[in-house]
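Below is one structure, written out as structure tokens; the observations come after it.
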Amino acid sequence: MKKFSERLIYSPTDIVRFLESPFASWMDRHHIENPGVLAPKAISEDARLIIETGQAHERKILEQLRGSEGLLYEVEYGDQLGVTLEAIRRRDPIIYQAKLANEFFEGYADFMILDEATGRYQIWDAKLAHSPKPYYAVQLCAYSELYAEMTGEPLPEKFWPILGADAHGDFGAYRDAQRRFYPLLPQP
């Protein structure tokens with residue numbers, strides 16, 4: 001949630017926050033409309049570590065997509081909507097950090113992937129978790145609606161959360177933790 005010229009602009013994350021706790025959502029708004037009255041709780045070290053690990057996961061996916069055969073267009077953070085719309089008009093195969101917005105909402109979709117079969121974009125979002133959470137759908141639906149409204153195109157038919165890299169049988173992280181926990185175990 002941000003305030004521009006006496007007008008509040010929400011993000012898809014604000015919808016998720018409201019669904020989790022209407023009171024927390026109200027407190028966020030109160031803080032923005034009344035700066036200095038209440039201070040938000042500082043981010044804990046655990047939360048900071050999760051955020052950093054999630055950002056590393058997103059960067060890993062970005063590097064994988066950069067190495068794919070398709071062309072990747074990276075929208076610089078803070079660029080205007082026009083930059084994203086130009087990439088959409090060119091039908092760039094992959095758009096990273098596309099800015100999507102309307103009068104009340106704005107956000108940055110991690111990836112917009114052009115489906116060659118349908119010629120339509122799908123919204124993909126990197127998530128650190130190893131299994132889907134209900135709020136992923138809320139966030140991805142919001143991005144999809146913003147995309148459709150901005151472009152005049154139909155809603156994307158599909159969206160995808162890109163889940164954590166170790167979600168499908170990679171035991172490397174477990175084994176590393178095990179080695180640190182049990183220093184006397186033989187090394188494989």
Side-chain angles (χ1 to χ4, degrees), residues 1-66 74-81 83-84 95-112 123-147 159-167 170 172-181 183:
M1 184 179 328
K2 300 175 191 174
K3 190 171 184 178
F4 291 107
S5 303
E6 301 304 314
R7 191 170 60 107
L8 290 174
I9 302 293
Y10 298 93
S11 73
T13 304
D14 292 321
I15 298 170
V16 171
R17 179 106 159 146
F18 174 78
L19 292 172
E20 289 174 345
S21 170
F23 179 74
S25 180
W26 182 87
M27 290 299 293
D28 288 346
R29 182 173 177 168
H30 183 273
H31 173 69
I32 286 176
E33 292 181 327
N34 303 284
V37 174
L38 296 172
K41 184 178 172 183
I43 297 175
S44 70
E45 286 303 312
D46 290 343
R48 190 177 318 282
L49 178 62
I50 291 169
I51 291 167
E52 290 170 2
T53 305
Q55 290 169 338
H57 170 60
E58 183 178 318
R59 284 190 304 273
K60 183 178 178 182
I61 294 165
L62 175 61
E63 290 308 314
Q64 290 171 347
L65 290 172
R66 273 191 183 129
E74 188 169 342
V75 177
E76 295 296 323
Y77 186 78
D79 278 351
Q80 299 300 315
L81 294 176
V83 175
T84 296
I95 305 171
Y96 175 64
Q97 288 298 301
K99 185 173 183 178
L100 304 170
N102 67 15
E103 183 180 357
F104 302 106
F105 286 91
E106 76 173 32
Y108 294 85
D110 288 346
F111 302 95
M112 288 180 38
I123 309 296
W124 292 23
D125 204 52
K127 298 295 183 189
L128 186 58
H130 293 188
S131 60
K133 310 274 189 268
Y135 77 85
Y136 298 171
V138 172
Q139 186 178 22
L140 289 164
C141 284
Y143 286 140
S144 296
E145 284 185 339
L146 288 170
Y147 166 79
F159 53 75
W160 302 100
I162 307 169
L163 300 178
D166 296 332
D170 181 352
Y174 165 74
R175 288 192 179 123
D176 288 343
Q178 184 185 46
R179 276 185 278 236
R180 283 184 275 136
F181 188 73

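All values below come from the heavy atoms of this structure, side chains included, with hydrogens, waters and symmetry mates left out.
- For Arg29, the side chain to side chain contact (heavy atoms under 4.5 Å, CB included) test picks out Met1, Leu8, Tyr10, Glu33, with sequence neighbours left out.
- For the atom pair CG (Leu146) and OG1 (Thr84), the distance works out to 11.5 Å, reported to the nearest 0.5 Å.
- In this structure Ala24 satisfies the side chain to side chain contact (heavy atoms under 4.5 Å, CB included) test together with Arg17, Ser21, sequence neighbours excluded.
- What you find for Tyr136 and Pro161 is that their closest heavy atoms are CD1-CB, 3.9 Å.
- Here the side chains of Ile15 and Tyr135 are not in contact, with every heavy-atom distance at 4.5 Å or above.
- Of all heavy-atom pairs between Trp124 and Asp110, the closest is O-CB, 3.6 Å.
- Evaluation of the side chain to side chain donor-acceptor pair (under 3.5 Å) rule for Lys2 yields Glu106 as partners, not counting sequence neighbours.
- Residue pairs that meet the salt bridge (charged side-chain N to carboxylate O under 4.0 Å, His left out) test with at least one member in residues 133-145, sequence neighbours left out, do not exist here.
- Among residues two or more places apart in sequence or in another chain, the side chain to side chain donor-acceptor pair (under 3.5 Å) test is passed with Glu20 by none.
- Taking both residues in full, the closest heavy atoms of Ile123 and Tyr147 are given as CD1-CB, 4.5 Å, listed atom of the first, atom of the second, then distance.
- Listed by chain and number, the residues in a side chain to side chain contact (heavy atoms under 4.5 Å, CB included) with Ala47 are Ile43, Ser44 (sequence neighbours excluded).
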Exercise. Checking salt bridge (charged side-chain N to carboxylate O under 4.0 Å, His left out) for the pair Arg66/Glu63: CA distance, chi angles, key distance, verdict?
Worked result: CA-CA 5 Å; Arg66 273 191 183 129; Glu63 290 308 314; 2.3 Å; yes
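- In this structure Asn34 satisfies the side chain to side chain contact (heavy atoms under 4.5 Å, CB included) test together with His30, Val37, sequence neighbours excluded.
- Applying the side chain to side chain donor-acceptor pair (under 3.5 Å) test to Tyr96 and every residue at least two apart in sequence or in another chain returns Glu58.
- A distance of 8.0 Å separates CD1 of Ile9 from CZ of Phe104, quoted to the nearest 0.5 Å.
- Residue Ile61 comes nearest to Ala126 through the heavy atom pair CD1-CB, 3.8 Å, listed as atom of the first residue, atom of the second, then distance.
- Taking the side chain to side chain donor-acceptor pair (under 3.5 Å) definition, one finds that Trp26 meets it with nothing, sequence neighbours left out.
- Sequence neighbours left out, the pairs with a member in residues 4-16 that pass salt bridge (charged side-chain N to carboxylate O under 4.0 Å, His left out) are Lys3-Glu6.
- The shortest heavy-atom contact between Cys141 and Phe159 is SG-CE2, 3.6 Å.
- Residues Leu163 and Pro132 form a side-chain contact, since some pair of their non-hydrogen atoms from C-beta on lies under 4.5 Å apart.
- Environment of CZ in Phe105: crowded, with over 12 heavy atoms of neighbouring residues, nucleotides or ligands closer than 6.0 Å.
- Closest non-hydrogen pair, Leu128 versus Gly54, comes out as CD2-N, 3.8 Å.
- For Arg48, the salt bridge (charged side-chain N to carboxylate O under 4.0 Å, His left out) criterion is met by Glu45, not counting sequence neighbours.
- Listed by chain and residue number, Lys127 satisfy the salt bridge (charged side-chain N to carboxylate O under 4.0 Å, His left out) test with Asp125 (two or more places apart in sequence, or in another chain).
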